[in-house]
Undergrad: 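Just dropping this structure here.
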Amino acid sequence: MPLTRKRVLVTGGAGFLGSHLCERLVAAGHDVLCVDNYFTGRKDNVAALLGFARFEALRHDVTFPLYAEVDEIYNLACPASPVHYQFDPVQTTKTSVIGAINMLGLAKRVKAKVLQASTSEVYGDPTVHPQREDYRGNVNPLGPRACYDEGKRVAETLFFDYHRQHKVRVKVARIFNTYGPRMHPNDGRVVSNFIVQALRGEDITLYGTGTQTRAFCYVDDLLDGFLRLMATDDSVTGPVNLGNPQEIQVRELAERILHLTGSRSRIIYRPLPQDDPMQRCPDITLAKRLLDWEPKVSLDEGLGQTIAYFDRLLTERGPQVAVAS
Ligand code: NAD
Ligand code: UDP
């Protein structure tokens, strides 16, 4: 198939998902502009791309307007880990809301397609299981997760209002827990925490009883879904759930990681953070139908890749790597 070379903007492009996305887009022959304020992202994540003339990195905060001529925008800028998005909650809400306004304004001006990295957190602590896109959620608007959850909900509202009011071509992906190489080693998310703790022989910090569930999607699968969603015709706006429907208790995840690493770390119990959802799993019927997409990488295979990544990182950096908990 002949390539149509596009100019693609990736906000949050130096983060975990963003850097993998930039790689995929450069490899496909597109011109990529990576925009990031490096709050949780790292220059290292995109260092290998700097040698490509098709790739450009710009330090910029999406809460300020951006002027660029592009054909497509992937809006990923926003810290994703509870530890990081709760560090400066006001900035988190600003990033989601003002960042969305700025990217939608840009898309409107240059007639670009724009994809929003939304989240399963829009469902809050769900009372419907598994979660389908028509479930309206159970979010506490006042709690410590609200800056992220409500920020992302308003961003979705803005996407659909710009679509209706200004005919902007929008795509909204609701991402469920995604993991893989290049997660920040101390960002506090469960997969990176458990792997780093296991590899270092430190205690595994299980919050609550560990019976809460999540469903973990490997980064490559998630990005296949992103690219397919962006390629859909203009009638497809979403929201579309993207995630792996293989649900697992967090305690079982800890045991899997101990097994795969061969670690002798102990599991210790810590209080469950406020508003931590008890059950989460995507219904991906819509993604299957609209995108002909479903995850292919098994949890053991994806964890294996991620463990190998952190093993290399810890060998290179050793004690500098701390775990946020
Ligand atoms: P990440 O923290 O690695 O990446 C976020 C990136 O955004 C970082 O590079 C960070 O520096 C940048 N950023 C933050 N605020 C910014 C601002 N104001 N201006 C410019 N850049 C800014 O997290 P991730 O896992 O790669 O998540 C990427 C996106 O996907 C986020 O929007 C997140 O909400 C969404 N998401 C991720 C998951 C997941 O499991 N990984 C799940 C649901 C949603
Ligand atoms: N969790 C845990 N130990 C950790 C980090 C997280 O038990 O060291 C739990 C957390 O309480 C939640 C689940 O793992 O129930 C997933 O947490 P994460 O922060 O990765 O993402 P969330 O889905 O909560 O946004």
Side-chain angles (χ1 to χ4, degrees), residues 10-22 34-43 45-46 58-64 66 74-86 88 91-96 98-100 102-103 115-122 125 145 148-149 151-152 155 173-180 182-184 187-197 203-217 219 222-223 226 241-243 248-251 253-254 267-280 323-325:
V10 180
T11 77
F16 159 51
L17 294 179
S19 59
H20 285 279
L21 178 61
C22 287
C34 161
V35 161
D36 206 294
N37 69 351
Y38 303 111
F39 173 47
T40 53
R42 286 169 298 170
K43 289 184 180 169
N45 286 344
V46 289
L58 175 71
R59 180 191 287 271
H60 175 81
D61 188 313
V62 293
T63 60
F64 295 93
L66 178 73
Y74 289 86
N75 187 34
L76 274 65
C78 186
S81 140
V83 173
H84 283 151
Y85 69 64
Q86 290 170 24
D88 185 350
Q91 175 66 12
T92 299
T93 305
K94 278 188 184 170
T95 294
S96 278
I98 303 174
N102 286 331
M103 289 310 122
L115 184 149
Q116 168 68 356
S118 190
T119 168
S120 53
E121 283 282 321
V122 299
D125 189 3
R145 295 175 90 102
Y148 183 76
D149 300 8
K152 290 282 189 179
R174 289 186 179 153
I175 309 168
F176 285 65
N177 298 65
T178 300
Y179 70 98
R182 266 191 228 140
M183 292 184 87
H184 200 296
D187 83 354
R189 279 183 277 188
V190 68
V191 173
S192 46
N193 264 14
F194 285 180
I195 292 178
V196 172
Q197 289 164 339
D203 293 342
I204 304 276
T205 51
L206 193 56
Y207 301 160
T209 57
T211 52
Q212 68 272 32
T213 69
R214 294 292 187 274
F216 295 97
C217 186
V219 56
L222 192 274
L223 293 182
F226 258 39
N241 287 340
L242 293 179
I248 180 174
Q249 290 191 345
V250 173
R251 184 170 47 196
L253 176 75
I267 294 180
I268 57 162
Y269 292 84
R270 290 278 175 268
L272 191 68
Q274 190 189 331
D275 294 336
D276 198 285
M278 278 313 292
Q279 223 182 358
R280 182 188 289 154
V323 173
S325 51

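Note that this is a predicted model, so its numbers are computed, not measured. Just so it is clear, the values below take in all heavy atoms, side chains as well, and ignore hydrogens, waters and symmetry mates. Read the numbers this way: they start at 1 and go in the same order the structure lists the ligands and their atoms.
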Undergrad: Do any nitrogen or oxygen atoms of Tyr207 come within less than 3.5 Å of a nitrogen or oxygen of ligand 2?
TA: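 Yes; at least one N/O pair falls below 3.5 Å.
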Undergrad: Do any N/O atoms on Val190 end up under 3.5 angstrom from N/O atoms on ligand 2?
TA: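 Yes, at least one N or O pair falls under 3.5 Å.
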Undergrad: Of the backbone atoms (N, CA, C, O) and the side-chain heavy atoms from C-beta on, which set of Gln212 has a member under 4.0 Å from an atom of ligand 2: side chain, backbone, both, or neither?
TA: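 Within the 4.0 Å criterion, Gln212 contacts ligand 2 through side-chain atoms alone.
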Undergrad: OG1/Thr205 to CD1/Ile268 distance, rounded to the nearest 0.5 angstrom?
TA: 6.5 Å
Undergrad: Please report the interatomic distance OG1(Thr119) to CZ(Phe176), rounded to the nearest 0.5 Å.
TA: 8.0 Å
Undergrad: Below 4.0 Å, non-hydrogen atoms only: which portion of Arg145 touches ligand 2? Side chain, backbone, both or neither.
TA: side chain
Undergrad: Measure the shortest side-chain to side-chain distance between Phe216 and Val190 over non-hydrogen atoms and say whether it is less than 4.5 angstrom.
TA: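 Counting from C-beta outward, Phe216 and Val190 do come under 4.5 Å.
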Undergrad: Taking 4.0 angstrom as the limit and counting only heavy atoms of Val250, give me the atoms of ligand 2 inside it, by number and element.
TA: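 Result: 7 (O), 13 (C), 14 (O).
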Undergrad: With a 4.0 Å cut-off on heavy atoms, is Pro82 in contact with ligand 2?
TA: yes
Undergrad: Does Arg270 reach ligand 2, in the sense of a heavy atom lying below 4.0 Å from it?
TA: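 No heavy atom of Arg270 comes that close to ligand 2.
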Undergrad: Determine whether any heavy atom of Arg280 lies closer than 4.0 Å to an atom of ligand 2.
TA: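 For ligand 2, residue contact (heavy atoms, under 4.0 Å) with Arg280 is present.
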Undergrad: Within ligand 2, which atoms have a heavy atom of Glu121 less than 4.0 Å away?
TA: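 The list of qualifying atoms is 25 (O).
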Undergrad: Rounded to the nearest 0.5 Å, how far does CG of Leu272 lie from OH of Tyr207?
TA: 10.0 Å
Undergrad: Under 4.0 Å from any heavy atom of Thr205, which atoms of ligand 2 are there?
TA: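 Within the 4.0 Å cut-off of Thr205, ligand 2 contributes 2 (C), 3 (N), 4 (C), 7 (O), 8 (O).
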Undergrad: Name each N or O atom in ligand 1 that is under 3.5 Å from a protein N or O, and give the partner atom and the distance.
TA:
from     : atom 1 : to     : atom 2 : distance (Å)
ligand 1 : 2 (O)  : Thr40  : OG1    : 2.6
ligand 1 : 3 (O)  : Phe16  : N      : 2.9
ligand 1 : 7 (O)  : Cys78  : N      : 3.3
ligand 1 : 9 (O)  : Gly15  : N      : 3.0
ligand 1 : 9 (O)  : Asp36  : OD1    : 3.2
ligand 1 : 9 (O)  : Asp36  : OD2    : 2.5
ligand 1 : 9 (O)  : Gly41  : N      : 3.2
ligand 1 : 11 (O) : Asp36  : OD1    : 2.6
ligand 1 : 11 (O) : Asn37  : OD1    : 3.4
ligand 1 : 11 (O) : Phe39  : N      : 3.0
ligand 1 : 11 (O) : Thr40  : N      : 3.0
ligand 1 : 11 (O) : Gly41  : N      : 2.9
ligand 1 : 13 (N) : Asn37  : OD1    : 3.3
ligand 1 : 18 (N) : Asp61  : OD1    : 2.9
ligand 1 : 18 (N) : Thr95  : OG1    : 3.1
ligand 1 : 19 (N) : Val62  : N      : 3.0
ligand 1 : 21 (N) : Asn37  : N      : 3.2
ligand 1 : 21 (N) : Asn37  : OD1    : 3.3
ligand 1 : 25 (O) : Arg189 : NH1    : 3.0
ligand 1 : 25 (O) : Arg189 : NH2    : 3.1
ligand 1 : 26 (O) : Phe16  : N      : 3.4
ligand 1 : 26 (O) : Leu17  : N      : 2.8
ligand 1 : 32 (O) : Leu76  : O      : 2.8
ligand 1 : 32 (O) : Lys152 : NZ     : 2.8
ligand 1 : 34 (O) : Tyr148 : OH     : 2.6
ligand 1 : 34 (O) : Lys152 : NZ     : 2.9
ligand 1 : 40 (O) : Thr178 : N      : 2.7
ligand 1 : 40 (O) : Thr178 : O      : 3.4
ligand 1 : 41 (N) : Arg189 : NH1    : 2.9

Undergrad: Assess whether a salt bridge exists between Glu121 and Arg145, defined as any Lys/Arg side-chain N lying under 4.0 Å from an Asp/Glu carboxylate O.
TA: yes
Undergrad: What part of Asn193 sits under 4.0 Å from ligand 2 if we count only heavy atoms: the side chain, the backbone, both or neither?
TA: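 It is the side chain that gets close, since no backbone atom is under 4.0 Å.
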Undergrad: Provide the number and element of each atom of ligand 2 under 4.0 Å from a heavy atom of Leu206.
TA: 7 (O)
Undergrad: In Å, rounded to the nearest 0.5 Å, how long is the span from CG of Asn102 to CG of Leu66?
TA: 8.0 Å
Undergrad: Look up atom CG in Leu17 and atom CZ in Arg182, then write down how far apart they are to the nearest 0.5 Å.
TA: 10.5 Å
Undergrad: So is Arg214 polar-close to ligand 2, meaning N/O to N/O under 3.5 Å?
TA: yes
Undergrad: Between Gln212 and Arg280, is a side chain to side chain contact (heavy atoms under 4.5 Å, CB included) present by the stated rule, with each step listed?
TA: CA-CA 8 Å; Gln212 68 272 32; Arg280 182 188 289 154; over 6 Å; no
Undergrad: Under the ring pair (Phe, Tyr, Trp, His ring centres under 6.0 Å) test, which residues partner His20, sequence neighbours left out?
TA: Phe16
Undergrad: Just heavy atoms, cut-off under 4.0 Å: does Asn177 contact ligand 2 by side chain, backbone, both, or neither?
TA: side chain
Undergrad: What is the ring orientation for Tyr148 with Tyr85, classed by angle as parallel under 30°, tilted 30 to 60°, or perpendicular over 60°?
TA: parallel
Undergrad: Is the ring pair His184/His84 parallel, tilted or perpendicular, if the boundaries are 30 and 60 degrees?
TA: perpendicular
Undergrad: Show the atoms of ligand 2 that are less than 4.0 angstrom away from any heavy atom in Phe194.
TA: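 Here the atoms of ligand 2 in question are 2 (C), 3 (N), 4 (C), 7 (O), 8 (O).
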Undergrad: Is any side-chain heavy atom of Gln86 less than 4.5 Å from a side-chain heavy atom of Pro79?
TA: no
Undergrad: Could you check whether Asp36 pairs with Arg42 (Lys NZ or Arg NE/NH1/NH2 to Asp/Glu carboxylate O, under 4.0 Å)?
TA: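 Arg42 and Asp36: not salt-bridged.
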Undergrad: For a 4.5 angstrom cut-off between non-hydrogen side-chain atoms, does Met183 reach Val219?
TA: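 With C-beta onward as the side chain, the pair stays apart.
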Undergrad: Provide the number and element of each atom of ligand 2 under 4.0 Å from a heavy atom of Gly188.
TA: 5 (C)
